[in-house]
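Report on the following structure.
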Amino acid sequence: MPQRVLITGGGGFIGRNLTRALIERGATVRILDNLHEQVHGRSAGRHRLGSDGEVVIGDIRDASVARRALVGVDKVVHLAAEVGVGQSMYAVERYVSTNDCGTAVLMEALIGNPVERIVVASSMSIYGEGLYRDADGKLIEDMPTRAGRGDGSSGWDPRDGQGRPLVPVPTPESKRPSLASVYALTKYAQERLVLLMAAAYGMQAVALRLFNVYGPGQALSNPYTGVLAIFASRLLNGRSPLIFEDGRQRRDFVHVDDVSRAFTLALEHPAAAGNVYNVGSGRHRSIREVADMLAAAMGRDDIVPEIAGKARAGDIRHCFADVEKIRAELGFTATSDFAHGLAGLARWVASQEAQDRVPKAREELEQRGLVA
Ligand code: UD1
């Protein structure tokens with residue numbers, strides 16, 4: 001019997017890609033999405049989703065919508081969320097409401113209509129700063145974020161008590177969470193709520209802690225989305241990408257096709273139940289490097305990025321995934337080559353129009369003192 005899967009937030013970047021991947025595997029997919037204008041643009045509509053699966057348009061916080069969406073479903077992928085770290089630092093009520101109340105409503109609806117398994121999209125943001133090693137080889141789990149360190153004078157990179165530089169190393173799932181933004185706080189609550197409620201009601205749950213997901217289909221006009229979509233939108237409009245800090249901060253970029261494959265495994269693999277996994281490429285790159293590579297892929301290496309020399313509130317310096325657990329337990333390894341992935345992104349971007357809302361977003365953050 002083919003699986004019947006509900007994807008909350010199924011109209012989004014990851015949701016649409018996953019919908020296609022699941023349908024290809026013979027699943028029946030229902031999408032629940034509010035098609036928010038910030039993400040989907042003013043002309044957001046069903047036409048972009050229609051062929052992908054059955055669509056329920058509504059708000060995850062509406063209990064009757066959530067109950068309706070669950071009818072006849074075997075498994076749930078919970079992606080519905082507000083996703084901007086910077087924006088979460090002022091639109092606090094909106095983020096807590098959608099991400100946490102939304103998850104609460106979904107979990108309550110599941111009490112009356114339990115499913116076999118629920119997979120929730122958690123985030124690398126819950127780690128705060130990634131794991132570091134000091135000059136003596138000791139692992140440092142609790143490096144405060146820059147804002148927490150309050151050491152604006154000592155450079156961008158974290159240092160130990162004697163001022164010696166710390167080396168960032170891959171971050172495993174066992175690292176203690178350290179919540180540096182409202183977004184991170186809501187994602188952690190989402191992850192825990194799903195795991196504990198599922199256990200209490202005899203459902204299987206899996207949390208995937210996604211690193212920096214990129215690829216075709218990311219909302220180009222949403223100035224609070226991932227950095228590659230933001231840079232692509234800037235370059236498409238002939239403008240310089242704006243790089244926070246000095247551009248040497250490092251991240252783990254994972255292609256959306258790999259992420260969809262990880263979700264598929266999380267839905268199906270018997271060993272996944274009750275577990276939390278990092279989903280990353282296992283490689284890390286600096287933001288300056290990815291800005292340059294993207295500009296080259298888009299044929300716009302004439303555009304030089306602007307280095308802000310300022311940090312965005314809630315940002316961490318370095319974090320990249322230790323991907324051993326998901327490899328060992330689910331047999332998952334990200335296979336997309338980054339340069340190839342960027343070329344695909346560039347091709348897709350060339351066919352799009354993107355409204356450049358970055359200046360407005362920057363103004364919003366700066367007015368509130370959230371870039372310093
Ligand atoms: C954050 C979250 C992550 C979430 C992602 C997308 C953390 C630690 N992680 O990742 O869970 O999925 O946002 O919402 O909070 N940057 C620029 N210029 C820009 C935009 C971003 O230089 O115009 C820089 C940021 O300062 C950061 C890096 O690019 O250093 C990556 O930013 P972003 O894509 O927003 O993702 P993260 O902050 O890594």
Side-chain angles (χ1 to χ4, degrees), residues 9 12-14 38-39 79 81-89 95 99 121-130 143 145-147 156-157 168 171 175 177-188 190-191 207-215 218-220 222-235 237 239-254 256 259 278-280 284-292 294 305-321 354 356-362 364-366 370-372:
F13 163 48
I14 299 171
Q38 178 178 317
V39 179
L79 300 176
E82 299 280 358
V83 299
V85 175
Q87 190 176 37
S88 79
M89 299 302 285
Y95 275 70
N99 297 1
S122 182
S123 164
M124 52 83 92
S125 66
I126 68 142
Y127 294 124
E129 280 293 342
M143 175 47 64
T145 59
R146 194 177 148 76
W156 297 108
D157 282 309
T171 298
K175 183 194 173 290
S178 169
L179 308 168
S181 65
V182 173
Y183 172 74
L185 180 67
T186 64
K187 276 295 180 183
Y188 193 53
Q190 240 185 4
E191 175 191 302
L208 297 183
R209 292 178 178 164
L210 307 184
F211 279 66
N212 296 70
V213 187
Y214 79 100
Q218 197 159 17
L220 290 180
N222 179 1
Y224 296 103
T225 186
V227 66
L228 279 174
I230 294 173
F231 286 176
S233 156
R234 294 286 288 174
L235 291 163
N237 285 288
R239 301 215 173 90
S240 296
L242 170 70
I243 296 184
F244 293 117
E245 303 168 34
D246 60 355
R248 293 207 181 97
Q249 62 271 40
R250 303 189 81 82
R251 294 291 189 278
D252 181 330
F253 290 91
V254 58
V256 65
V259 171
N278 283 343
V279 179
H284 51 91
R285 293 173 189 278
S286 75
I287 297 304
R288 176 66 205 247
E289 181 189 354
V290 300
D292 290 344
L294 179 66
E306 177 190 341
I307 309 277
K310 290 177 180 176
R312 197 174 56 171
D315 264 357
I316 51 109
R317 179 65 174 166
H318 305 294
C319 189
F320 41 89
D356 181 12
R357 298 183 186 161
V358 168
K360 177 87 176 59
R362 184 179 184 179
E364 275 170 356
L365 294 181
E366 280 180 350
L370 293 173
V371 177

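The figures here come from the full heavy-atom set of this structure, side chains too, leaving out hydrogens, waters and symmetry mates. As the structure lists them, so they are numbered: ligands from 1, and atoms in each ligand from 1.
- For ligand 1, the atoms closer than 4.0 angstrom to any heavy atom of N212 are 10 (O), 34 (O), 36 (O), 37 (P), 39 (O).
- The shortest distance between side-chain heavy atoms of V256 and Y214 does not fall below 4.5 Å.
- The distance from the CD1 atom of I230 to the CD1 atom of I243 is 12.0 Å, given to the nearest 0.5 Å.
- Residue contacts with ligand 1: R251 is placed with a nitrogen or oxygen under 3.5 Å of a nitrogen or oxygen of the ligand (distance criterion only).
- We find that R317 and E245 are joined by a salt bridge, their nearest charged nitrogen and carboxylate oxygen being less than 4.0 Å apart.
- Polar contact check, F211 against ligand 1: no nitrogen or oxygen pair lies under 3.5 Å apart.
- Heavy atoms of Y183 approach ligand 1 to within less than 4.0 angstrom.
- The option from L179, D246, V227 that lies nearest to atom 21 (C) of ligand 1, judged by heavy atoms, is V227.
- Defined by atom type and a distance below 3.5 Å, a donor-acceptor pair is missing between the side-chain atoms of Q87 and Y183.
- A distance of 9.0 Å separates CD of E82 from OG1 of T186, quoted to the nearest 0.5 Å.
- Around atom 26 (O) of ligand 1, the closest heavy atom drawn from I316, D315, L242 belongs to D315.
- Each of the atoms 34 (O) of ligand 1 lies under 4.0 Å from some heavy atom of G226.
- Note: F211 and Y127 have tilted aromatic rings, judged against thresholds of 30 and 60 degrees for the angle between ring planes.
- Here E191 pairs with R209 in a salt bridge; the nearest charged N to carboxylate O distance falls below 4.0 Å.
- Heavy-atom proximity to S123, at under 4.0 Å, picks out these atoms of ligand 1: 3 (C), 11 (O).
- Under 4.0 Å from ligand 1, the heavy atoms of F231 that appear belong solely to its side chain.
- Numbered from 1 in the order shown, with element, the atoms of ligand 1 that lie under 4.0 Å from a heavy atom of V85 read 1 (C), 2 (C), 13 (O), 15 (O).
- Residue-ligand proximity, V83 to ligand 1, at heavy-atom distances under 4.0 Å covers atoms 6 (C), 14 (O).
- No part of V213 comes within 4.0 Å of ligand 1, judged by heavy-atom distances.
- Looking at R250, H318, R251 one by one, the single match for side chain to side chain donor-acceptor pair (under 3.5 Å) with H284 turns out to be R250.
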